[in-house]
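Reminder, nothing fancy here: chain letters follow the sequence lines and each chain counts from 1. Keep in mind the model is a prediction, meaning the values are calculated, not measured.
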2 protein chains.
Amino acid sequence: MINENINTIRGVGGNASECCDTVEVHEELLNIVNSTMPEETELYDLAELFKVFGDSTRIRILFVLFEAEVCVCDLAAALNMTQSAISHQLRILKQNKLVKSRREGKSVFYSLADAHVRTIIAQGREHIEEE
Amino acid sequence: MINENINTIRGVGGNASECCDTVEVHEELLNIVNSTMPEETELYDLAELFKVFGDSTRIRILFVLFEAEVCVCDLAAALNMTQSAISHQLRILKQNKLVKSRREGKSVFYSLADAHVRTIIAQGREHIEEE
DNA sequence: TTATCATATGAACAACTATTCATATGTTTA
DNA sequence: TAAACATATGAATAGTTGTTCATATGATAA
């Protein structure tokens with residue numbers, strides 16, 4: 001059971017009828033928001049990071065990189081997409097430090113840059129596989 | 001060090017020059033993709049889930065719900081947004097089973113529905129706070 | 001150098017999304 | 001019942017994003 005020791009925010013009277021007809025937001029709630037809410041920039045960065053995971057092409061790229069270090073054209077061939085599309089997505093993954101790259105001759109090999117990638121995706125899979 | 005026992009996918013010769021000029025995709029890579037890549041629908045669902053986390057308004061809602069069960073109008077007031085905007089986002093969070101709701105009189109109280117929410121966001125924060 | 005292969009990238013376009021506005025639904029109180 | 005309050009939702013719009021196309025950059029081989 002989640003939230004077992006989390007209070008419901010109500011008005012002073014403690015019933016639902018006083019929930020929303022007060023002009024001032026409940027002080028308790030404001031204290032919570034002010035003390036536990038991350039900074040604006042961190043919230044933005046967090047959303048930005050999850051946006052990167054929110055595209056099935058990038059997810060597929062990550063699943064390939066879970067198993068091997070692969071060059072761009074092989075990724076494109078394996079995922080049956082154009083080199084350009086893959087390259088654009090790799091750029092986003094790299095900007096967000098989820099993958100790293102290494103040039104070897106004409107090819108550029110990509111691999112995972114961060115252990116959190118596996119954890120985050122694993123937790124996501126667990127979530128969607130419930131029921 | 002990540003990827004310490006993960007092979008680089010190459011051509012038969014094992015050098016970079018044979019990486020991409022083969023007509024057929026490397027068999028080893030195809031085997032990996034076929035055996036470890038989740039189903040199309042799971043990939044789609046995964047991306048869909050992370051899209052939900054990819055918006056700072058929804059992230060802020062979740063941070064409030066980390067601490068308390070809150071009704072819609074209090075969420076709107078605390079986050080300084082319109083009731084309609086919050087309600088639309090709560091709908092998305094609920095559809096993806098990240099929050100649950102409970103009616104009490106005129107108010108509807110929202111709370112976290114799943115422990116994975118905390119884990120996923122915690123991992124995200126760890127990632128962006130590195131360096 | 002020139003040709004070729006591998007990758008990166010800017011521009012354009014179509015598809016998607018978050019917010020706003022107006023309004024509908026649901027609940028309580030008078 | 002009617003009025004007021006809390007929430008939900010459809011439509012419209014502005015902003016964002018993923019792919020394609022054309023082309024530029026970088027590296028190797030002839």
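Within the structure, the salt bridge (charged side-chain N to carboxylate O under 4.0 Å, His left out) test picks out the following pairs touching residues 42-52 of chain A (sequence neighbours left out): A:E42-B:R125, A:E48-A:K51. Applying the disulfide bond (SG atoms under 2.5 Å apart) test to pairs two or more places apart or on separate chains, none has a residue in residues 28-57 of chain A.
Residues forming a side-chain contact (heavy atoms from CB on, under 4.5 Å) with A:A122 (at least two apart in sequence, or on another chain): none. Residues that satisfy the side chain to side chain donor-acceptor pair (under 3.5 Å) test with A:E126, not counting sequence neighbours, are B:H116. With sequence neighbours left out, B:Q89 forms a side chain to side chain donor-acceptor pair (under 3.5 Å) with B:R58. Under the side chain to side chain donor-acceptor pair (under 3.5 Å) criterion, B:T36 pairs with no residue, sequence neighbours left out. Applying the side-chain contact (heavy atoms from CB on, under 4.5 Å) test to B:S84 and every residue at least two apart in sequence or in another chain returns B:T82, B:H88.
Set against C:dA6, C:dA8, D:dG10, the side chain of A:S87 has C:dA8 as its closest nucleotide.
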| field | Residues A:K100, A:S111; criterion side-chain hydrogen bond (donor to acceptor under 3.5 Å, both in side chains); working and verdict | value | CA-CA 6 Å; A:K100 60 191 176 192; A:S111 58; 4.6 Å; no
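With axes fitted over five pairs at each extremity, the angle between the ends of the helix from C:dT1-D:dA30 to C:dA30-D:dT1 is 10° (10° resolution).
In this model, the phosphate group of D:dA6 is not approached by any side-chain N or O of B:Y110 to a distance below 4.0 Å at OP1 or OP2. Side-chain N/O atoms of B:R91 include one lying less than 4.0 angstrom from OP1 or OP2 on D:dT9.
For the pair A:L93 CG and C:dA8 P, the interatomic distance rounds to 12 Å; values are reported in whole Å. At whole-Å resolution of the value, CG in A:N80 and C1' in D:dT20 are 15 Å apart. As rounded to whole Å, 15 Å separates atom P of D:dT9 from atom CD1 of B:I86.
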Per-nt protein contacts along nucleotides 17-24 of chain C (heavy atom under 4.0 Å; B base, S backbone sugar-phosphate only, - none) come out as SSBBBB--
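Annotation: B:N34, atom CG; neighbour count of heavy atoms from other residues, nucleotides and ligands within 6.0 Å is above 12.
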Restricting both atoms to N or O, compile the protein contacts to nucleotides 12-14 of chain D shorter than 3.5 Å, with distance only.
none

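In terms of modelled atom types and a separation under 3.5 Å, the side chain of B:N96 and the main chain of B:I92 share a donor-acceptor contact.
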